Amino acid sequence: MNKVIAVVNQKGGVGKTTTAINLAAALALEGHPTLLVDCDPQANSTGGLGFPRDDERLSTYDVLLGQSSLTEAMQPTEIANLTLVPSNRHLIGANVELIGMEEREFRLRNALAPVRTDYSVILLDCPPALDLLTLNALVAANGLLVPMQAEYFALEGISELMSTLDKVSQVFNPALDLEGVLLTMYDERTNLSQQVTENLRRFFGDKLFKATVPRNVRIAEAPSFGKPVMVYDPKSRGAESYREVMWELLQRNGIERAAGVGQ
């Protein structure tokens, strides 16, 4: 399995970065070499893996501007098999600086090319906007993972995101496909959650993940300790939910769970 997956939703506060961090950690802990590229100027994936803010450290910004190779910007994490390309606030300017550059939409894809086969999964944590940074991620990816909450406002942005997916696949990246939609901060007890889930199931069919991520205090606490919930509290409900997401992702890509694993 060699997959590049953009974790994207133009709506903020849907658990996008939390999903990127914890899915990357779950894959790495299961033994799959995983690369997480922080494409968001807020650098929350970087901080969530325990890296302090550092404007001097090589980052995604340097990679996109051609000032550094991807390999030079990579940072090992405390989790074996998990590597990070960090972000910092300089990335805010990349949307403007890239405009005049050749192949501006392909900068990230070209940077990833030498290392794509080194990792089972490369996850791209995108900013909450359909901007040039997100476009670079969509052009580089062959899968799109959309975390969203089970609420009606969240449904409104999905059609815009799907329209963007269609346009990018037609113009820049025919290999881009929807990997799946993941419900986060989910409360199955409410009628609203059940109604939205049913609407999504009718629209997306089997692209809607069966696994869901509940509201969980351990998930919320973990970033302040610079750790994924898988490390912060591996027995918590939140950690277990991301393990289930990880297994479903692997299953969708033809990798079955070994007998007795996770049972």
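Fair warning: this is a prediction, and the values are worked out from it, not measured in the lab.
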request  = Please step through side-chain hydrogen bond (donor to acceptor under 3.5 Å, both in side chains) for the pair T18 and Y242, ending with a clear verdict.
outcome  = CA-CA 10 Å; T18 299; Y242 275 112; 5.5 Å; no
message = Please determine whether salt bridge (Lys or Arg N to Asp or Glu O under 4.0 Å) holds for the pair R218 and E221, giving the CA-CA distance in whole Å, both sets of side-chain angles, and the decisive distance to 0.1 Å.
response = CA-CA 5 Å; R218 294 307 198 191; E221 290 174 349; 2.8 Å; yes
task = Show your reasoning for whether side chain to side chain contact (heavy atoms under 4.5 Å, CB included) applies to K210 and Q251.
result = CA-CA 12 Å; K210 295 182 178 70; Q251 252 182 343; over 6 Å; no
task = Take R109 and F172, measure what side chain to side chain contact (heavy atoms under 4.5 Å, CB included) needs, and give me the verdict at the end.
result = CA-CA 11 Å; R109 184 164 84 178; F172 297 112; over 6 Å; no
task = Test V181 against K207 for side chain to side chain contact (heavy atoms under 4.5 Å, CB included), laying out the working first.
result = CA-CA 6 Å; V181 175; K207 292 291 187 179; 5.5 Å; no
ask   = Could you walk me through whether K3 and E179 pass the side chain to side chain contact (heavy atoms under 4.5 Å, CB included) check?
value = CA-CA 10 Å; K3 202 87 183 242; E179 188 71 35; 2.7 Å; yes
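One finds no salt bridge joining D233 and K227 here, because no Lys/Arg side-chain nitrogen approaches an Asp/Glu carboxylate oxygen to under 4.0 Å. Using a 4.0 Å cut-off between charged nitrogen and carboxylate oxygen, R201 and E198 count as a salt-bridge pair.
The closest donor-acceptor contact from the side chain of D177 to the backbone of G143 lies at 3.5 Å or more, if one exists at all. Judged by distance alone, the side chain of D62 and the main-chain N or O of S59 form a donor-acceptor pair under 3.5 Å. Under a 3.5 Å cut-off, the side chain of R104 and the backbone N or O of I99 do form a donor-acceptor pair. When atom types are taken as modelled, the side chain of N173 and the backbone of A141 share a donor-acceptor pair closer than 3.5 angstrom. When atom types are taken as modelled, the side chain of R243 and the backbone of P234 share a donor-acceptor pair closer than 3.5 angstrom. E248 contributes no side-chain N or O that, together with a main-chain N or O of V245, makes up a donor-acceptor pair within less than 3.5 Å. T60 places a side-chain N or O within 3.5 Å of a backbone atom of P86 that can act as its donor or acceptor partner. Of the possible polar contacts, one joining the N2 side chain to the Y119 backbone as a donor-acceptor pair under 3.5 Å is found. The closest donor-acceptor contact from the side chain of N142 to the backbone of V4 lies under 3.5 Å. The backbone N or O of V14 lies less than 3.5 Å from a partner atom in the side chain of T184, making a donor-acceptor pair.
Taken together through direct or relayed side-chain contacts under 4.5 Å among Ile, Leu, Val, Met, Phe, Trp and Tyr, I21 and M185 form parts of separate hydrophobic clusters. At a threshold of 4.5 Å between side-chain heavy atoms, the hydrophobic network of Ile, Leu, Val, Met, Phe, Trp and Tyr places F203 and L165 in one connected group. When the side chains of ILVMFWY residues are joined at heavy-atom separations under 4.5 Å, either directly or via intervening members, L132 and L64 end up in a single hydrophobic cluster.
Side-chain contact between F204 and M162 is present, with heavy atoms from C-beta onward closer than 4.5 Å. Side-chain contact check for L29 versus M230: some heavy-atom pair is nearer than 4.5 Å. With a 4.5 Å cut-off on side-chain heavy atoms, T190 and D187 count as touching. Residues V85 and L70 have side chains in contact (heavy-atom distance under 4.5 Å, counting atoms from C-beta outward). Side chains of P147 and V7 form a contact here, defined as non-hydrogen atoms less than 4.5 Å apart. Using a 4.5 Å cut-off on side-chain heavy atoms (C-beta onward), D55 and H90 make contact. Side-chain contact between L144 and I5 is absent, with no heavy atoms from C-beta onward closer than 4.5 Å. A 4.5 Å side-chain heavy-atom check between V213 and Y186 finds every atom pair outside the cut-off.
Partners of D131 by side chain to side chain contact (heavy atoms under 4.5 Å, CB included), not counting sequence neighbours, listed by chain and number: N95, P127, A129, L133, T134.
No side-chain N or O of S68 forms a donor-acceptor pair with one of Y61 less than 3.5 Å apart.
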Per-pair distances, 0.1 Å, donor-acceptor, side chain in residues 34-46, under 3.5 Å, sequence neighbours excluded:
residue : atom : partner : partner atom : Å
T34     : OG1  : H32     : O            : 2.7
D38     : OD1  : D40     : N            : 3.2
D38     : OD2  : S45     : N            : 3.4
D38     : OD2  : T46     : N            : 3.0
D38     : OD2  : T46     : OG1          : 2.7
D40     : OD1  : Q42     : N            : 3.0
D40     : OD2  : Q42     : NE2          : 3.3
S45     : OG   : D125    : OD2          : 2.7
T46     : OG1  : S87     : N            : 3.0

